[in-house]
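For reference, the structure is listed below as structure tokens.
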Amino acid sequence: MQPEPFLFRITFSKMESFRRCRKQYWFSYISGEDWPPSRESPASLVGNGVHRAMQKLCETGDPRDGEHELDLYLRMPSHAIAGPETEHYVLAREIYANGVKAHESIESEARFAELDTWVPAKSRGINVRSKVDRADRLSADRWQLIDWKTGKFDLDDRVDWQLDIAHLVLRTMMRLPKEASVRALGWNLRSGEQRVRELTRDDAVRTVDYIMRFVRTIEGTEEWPATPGPACTFCDWRDRCSEANQLGETGIDWLDEDWEKESAPF
Ligand code: SF4
């Protein structure tokens with residue numbers, strides 16, 4: 001029997017890490033070091049809680065199921081920073097109330113929550129993983145997928161790229177016919193803003209081809225420099241990153257270098 005070909009496993013998070021800071025990518029996927037515990041924040045707990053609530057709402061259609069899930073999640077002792085006595089708990093409930101209105105505004109033949117799978121593309125040597133928060137069949141060849149957002153604002157390019165990858169999951173898991181088209185929504189339940197992509201099978205092929213070329217770039221990379229910046233605030237590896245810690249202690253000392261003064265870039 002022929003051995004299975006090696007497929008490079010890739011996710012949106014992995015690609016983002018590579019874009020953001022090569023050293024962070026190295027820590028996470030190459031070094032073999034044990035992952036540090038994630039840095040939980042009130043915002044991340046609110047986001048997780050609302051996503052769980054929206055999943056239950058999608059599954060049963062009864063807002064009480066999502067409300068109960070949200071309350072249970074934020075009442076967990078380990079989530080006390082966003083617990084019932086806090087402003088974050090109130091905010092989470094407001095965001096979920098917007099989610100209920102969003103749910104009620106969607107008319108579809110069938111709906112599905114939390115589609116999550118690997119999409120292997122053997123001819124391209126990659127295996128892509130992503131997740132769809134909610135999918136709706138609007139008609140036989142017309143679908144909608146939603147990526148719920150709960151932050152104060154979203155970065156458009158990140159949302160677009162997440163939607164393009166989520167599109168692969170929807171086409172794969174629901175076995176969409178070639179002619180099916182998909183409206184992909186990044187729907188912010190806090191601001192009400194929607195980011196919309198209209199996607200076809202051809203777009204899915206181009207997305208896979210782009211990911212394949214991105215992966216080739218990763219595979220050809222030999223240097224993993226640290227690029228400290230705002231992302232360090234949320235980086236799980238910060239405590240082990242000498243460059244980030246050094247920057248925190250000394251500030252940007254290259255501004256004092258003679259050569260830099262002479263070139264006077266600012
Ligand atoms: S702390 Fe900053 S510089 Fe260090 S790995 Fe993380 S993102 Fe990169």
Side-chain angles (χ1 to χ4, degrees), residues 7-51 78-82 88 116 118 126-131 133 147-166 186 188 190 195 207 210-261 263 265-266:
L7 301 181
F8 189 106
R9 292 180 162 211
I10 188 80
T11 62
F12 174 76
S13 305
K14 216 167 167 181
M15 294 174 78
E16 274 297 285
S17 178
F18 185 80
R19 287 187 181 114
R20 189 184 298 130
C21 175
R22 300 277 167 96
K23 185 164 184 183
Q24 186 192 63
Y25 184 95
W26 177 84
F27 267 132
S28 304
Y29 305 109
I30 298 177
S31 70
E33 290 197 30
D34 290 337
W35 278 59
S38 290
R39 291 175 190 275
E40 297 275 32
S41 67
S44 68
L45 292 172
V46 167
N48 290 343
V50 171
H51 274 82
S78 57
H79 300 162
I81 51 173
H88 310 293
D116 181 351
W118 287 97
I126 57 173
N127 201 357
V128 187
R129 184 175 184 183
S130 185
K131 189 166 76 64
D133 291 335
D147 188 2
W148 300 121
K149 303 290 180 192
T150 59
K152 274 188 188 157
F153 65 90
D154 304 307
L155 298 174
D156 289 345
D157 54 347
R158 278 186 103 231
V159 175
D160 293 348
W161 186 226
Q162 282 175 308
L163 293 175
D164 291 353
I165 299 183
N188 190 309
R190 197 156 161 180
R195 184 88 181 162
T207 298
Y210 170 71
I211 296 173
M212 172 191 71
R213 287 189 278 273
F214 195 104
V215 164
R216 295 292 100 84
T217 301
I218 295 175
E219 288 177 321
T221 298
E222 292 175 352
E223 295 179 7
W224 308 93
T227 47
C232 299
T233 310
F234 306 103
C235 179
D236 293 337
W237 302 98
R238 197 173 66 207
D239 293 344
R240 299 184 211 172
C241 178
S242 54
E243 290 88 344
N245 293 327
Q246 194 182 6
L247 187 67
E249 284 163 19
T250 63
I252 307 174
D253 57 0
W254 55 261
L255 277 173
D256 301 327
E257 300 286 331
D258 286 345
W259 67 269
E260 194 62 49
K261 278 183 193 157
S263 62
F266 310 117

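Whatever order the structure lists them in is the order used to number ligands and atoms, beginning at 1.
Nearest to atom 1 (S) of ligand 1 among the protein's heavy atoms is Ala244 CB, 3.5 Å. Scanning the protein heavy atoms around atom 6 (Fe) of ligand 1, the nearest turns out to be Cys235 SG, 2.4 Å.
Heavy atoms from other residues, nucleotides or ligands lying under 6.0 Å from CD of Glu219 number more than 12. Annotation for Tyr210: atom OH counts as buried by contact number, over 12 foreign heavy atoms lying within 6.0 Å.
The contact set between ligand 1 and Gln24, taken as ligand atoms under 4.0 Å from a residue heavy atom, comprises 5 (S). Distances below 4.0 Å separate heavy atoms of Pro228 from the following atoms of ligand 1: 3 (S).
Glu223 has no carboxylate O lying under 4.0 Å from a charged side-chain N of Arg22, or vice versa, which leaves the two without a salt bridge. A salt bridge links Asp116 with Arg129: the distance from a Lys NZ or Arg NE/NH1/NH2 to an Asp or Glu carboxylate oxygen falls below 4.0 Å.
For the 3.5 Å distance criterion, the side chains of Ser28 and Trp35 fail to qualify, holding no donor opposite an acceptor.
For atom 4 (Fe) of ligand 1, the nearest non-hydrogen atom from the set Cys241, Ser17, Ser242, Pro225 belongs to Cys241.
In summary, the aromatic rings of Phe18 and Tyr29 are positioned with their centroids too far apart to meet the 6.0 Å limit.
Residue contacts to atom 6 (Fe) of ligand 1: Cys21 brings no N, O or S atom closer than 2.8 Å. For atom 2 (Fe) of ligand 1, the set of nearby N, O or S atoms under 2.8 Å includes one belonging to Cys232.
At least one heavy atom of Arg238 sits under 4.0 Å from some atom of ligand 1.
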